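Throughout, protein chains are lettered first and strands after them, A, B, ... in sequence-line order, and every chain is numbered starting at 1. Note that the structure is a prediction, hence the values are computed from the model and not measured.
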Protein chains: 2
Amino acid sequence: MHSKSLATIAKLLFSAEALFLSKNYADVTMTEIAANAGVTKGAAYHHFANKEALYIAMLESALQEKKELFQKAAESSGTCRERLTRLTRVFLELGREKRDVMKLVRRDINNFKDPVRSQLVRAYQSALPEQIQVIVTDGIRDGLLTGDPRLLSWTYAAIVEVMLTGYAERVFENQDAMLEFVTRIFFNGAGIKHLPRGTRKRVTA
Amino acid sequence: MHSKSLATIAKLLFSAEALFLSKNYADVTMTEIAANAGVTKGAAYHHFANKEALYIAMLESALQEKKELFQKAAESSGTCRERLTRLTRVFLELGREKRDVMKLVRRDINNFKDPVRSQLVRAYQSALPEQIQVIVTDGIRDGLLTGDPRLLSWTYAAIVEVMLTGYAERVFENQDAMLEFVTRIFFNGAGIKHLPRGTRKRVTA
DNA sequence: AAAAATACGTACTGGTCGGTATCTTTTGTG
DNA sequence: CACAAAAGATACCGACCAGTACGTATTTTT
């Protein structure tokens, strides 16, 4: 492995990331990825067995990068709510492109058969939902949250993803407003409450 | 337009729906759609200008079908919470395949340029989110919910979609349990609460 | 029942793209 | 500096597929 290889591989991954974000899997050609990286298709096939391998490498690399950021937030100290807010802020502060990588798995998962398929799902889950789950699990232990930890994590991730729409950006003036909205929805629903005099339905005869 | 046409068109739409659900847009061929419908590619191109037109027709037809169901639930009487539960139940009771149609827009939206693109988005939004929004808006009027109505609708839809995962199906014994989870998360967060003594952060000097 | 119009089938084309074979260039090493 | 090994470029192939041209069959209309 020459020293130049690493640079070329990095350029190819970077180029692939941008292209797969802007177009569907099938619409991105190897020639295009290579050209955009400043090399030729031959070079690309020298480093990656095929298109699928390049895609997988790209996605795993991109997700790993995000995972490390989220992990730091998940392992930080403070209340469950503070840590979750911290993680979400990291997420929202990623540039638009960087955030959209998280959506790629959902979009492209149908392109692959099952060995690869679940490999990609695991990569995604370990990057975001599992990091959320670390915090959520602590929240449950501390009596602040109740429910299935994994399901709550997915729910939280789903709510956060709503903030990625253009509409949400227009509604909220800044990220703090977004964060407040997200945590309000999530906690005041999932948190244990001191039921203030007979909240829920009472079976009336 | 001969009488036979309608049947052929319906068969093509049905066939296309099944295939586009099982494979990515680019991986579904016109020959395949036609064969699966019991006709040939020539027949398909007689009724649809091109692959894109067939896809659009299929999706709009499928979404319209769902929309009518949701609309009925949205227009039903009862409390905001009851109506939302009713709509969600209708959604969850659709077969797996029928529900997954709702995800197609998200998956395939990148395949199209902007006239078509927003056309598909509108079709989706009018089918589900806008029906939810009808209920949510009433809830806000009645002082049961607070926040931007459209954003709340999207949030609710996002939470419901979490229930479509295989894991959620395993966690909950039945649909009632799912419904309870979803409404608990959504309402107890979005509903106005009688703040029980100094809930949120107080600026400490 | 002839004519006109619509529905459908068959066969083909033009272009694209993933992948490969092979040649040239660059880089590390003794 | 020689020379092997890796990196990269070029040219090409085979497969596939959207779309078309044109023919035949089946309805409707008159």
Side-chain angles (χ1 to χ4, degrees), chain A residues 1-59 61 104 108 110-113 115-117 120, chain B residues 1-59 61 104 108 110-113 115-117 120:
Chain A
M1 167 100 66
H2 289 181
S3 58
K4 214 175 164 189
S5 285
L6 290 171
T8 303
I9 290 173
K11 279 192 291 181
L12 282 168
L13 292 176
F14 185 80
S15 164
E17 181 178 332
L19 285 167
F20 282 123
L21 274 173
S22 72
K23 290 196 261 182
N24 249 35
Y25 182 78
D27 290 342
V28 176
T29 72
M30 289 296 275
T31 308
E32 199 178 5
I33 297 173
N36 191 37
V39 294
T40 62
K41 188 161 67 161
Y45 273 98
H46 180 74
H47 293 289
F48 298 96
N50 47 41
K51 187 179 174 180
E52 184 177 288
L54 173 51
Y55 181 89
I56 297 170
M58 177 279 291
L59 199 57
S61 150
L104 277 185
D108 293 334
N110 280 59
N111 292 58
F112 307 100
K113 310 294 167 209
V116 172
R117 193 190 172 90
L120 292 179
Chain B
M1 166 100 64
H2 290 181
S3 56
K4 214 175 162 189
S5 286
L6 290 171
T8 303
I9 290 174
K11 278 192 292 183
L12 283 168
L13 292 176
F14 185 81
S15 164
E17 181 177 332
L19 285 167
F20 282 123
L21 273 172
S22 72
K23 291 196 262 183
N24 249 34
Y25 182 78
D27 290 342
V28 177
T29 72
M30 288 296 274
T31 307
E32 199 178 4
I33 296 173
N36 191 35
V39 292
T40 62
K41 187 161 68 163
Y45 273 99
H46 179 73
H47 293 289
F48 299 96
N50 47 43
K51 187 178 174 180
E52 183 178 289
L54 173 51
Y55 181 89
I56 296 170
M58 177 279 291
L59 199 58
S61 151
L104 277 184
D108 294 334
N110 280 58
N111 293 59
F112 307 100
K113 311 292 166 211
V116 172
R117 194 189 172 93
L120 293 178

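Residues satisfying the side chain to side chain contact (heavy atoms under 4.5 Å, CB included) test with Thr40(A), not counting sequence neighbours, are Ala43(A). Residues meeting the side chain to side chain contact (heavy atoms under 4.5 Å, CB included) test with Ala57(B), sequence neighbours left out: Leu13(B), Phe48(B). Looking at residues two or more places apart in sequence or on another chain, you find a ring pair (Phe, Tyr, Trp, His ring centres under 6.0 Å) between Phe112(A) and Tyr25(A), Tyr55(A). Residues forming a salt bridge (Lys or Arg N to Asp or Glu O under 4.0 Å) with Glu52(B) (at least two apart in sequence, or on another chain): none. The side chain to side chain contact (heavy atoms under 4.5 Å, CB included) check on Lys11(B) picks up Ala37(B), with sequence neighbours excluded.
Going from atom CZ of Phe48(B) over to atom P of dT6(C) covers 17 Å, rounded to whole Å. Across the protein-nucleic acid pair, Glu32(A) atom CD and dT16(C) atom P stand 13 Å apart, rounded to whole Å. Between the C1' atom of dG18(C) and the CG atom of Asp27(B) lies a distance of 13 Å, rounded to the nearest Å. Distance, Tyr55(A) OH to dG18(C) P: 15 Å, rounded to whole Å. Between Leu54(A) atom CG and dG19(C) atom C1' there is a gap of 14 Å when expressed in whole angstrom units.
Distance check: Ile56(A) CD1 to Asn50(A) CG gives 8.0 Å after rounding to the nearest 0.5 Å.
Look at His46(A) and you won't find any side-chain N or O under 4.0 angstrom from OP1 or OP2 of dG8(D). Proximity of His47(A) to the phosphate of dA6(D): no side-chain N or O atom is located under 4.0 Å from OP1 or OP2. Phosphate contact (OP1/OP2 of dC8(C), side-chain N/O of Thr8(B), threshold under 4.0 Å): present. Taking only side-chain nitrogens and oxygens, Thr40(A) never comes nearer than 4.0 Å to OP1 or OP2 of dG8(D).
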If you restrict it to nitrogen or oxygen atoms, what contacts under 3.5 Å exist between nucleotides 18-24 of chain D and the protein, and what is each distance?
from	atom 1	to	atom 2	distance (Å)
dA18(D)	OP1	Val28(B)	O	3.4
dA18(D)	OP1	Lys51(B)	NZ	3.3
dA18(D)	OP2	Met30(B)	N	3.1
dA18(D)	N7	Lys41(B)	NZ	3.1
dG19(D)	OP2	Tyr45(B)	OH	3.0
dG19(D)	OP2	Lys51(B)	N	3.0
dG19(D)	N7	Lys41(B)	NZ	3.1
dG19(D)	O6	Lys41(B)	NZ	2.5

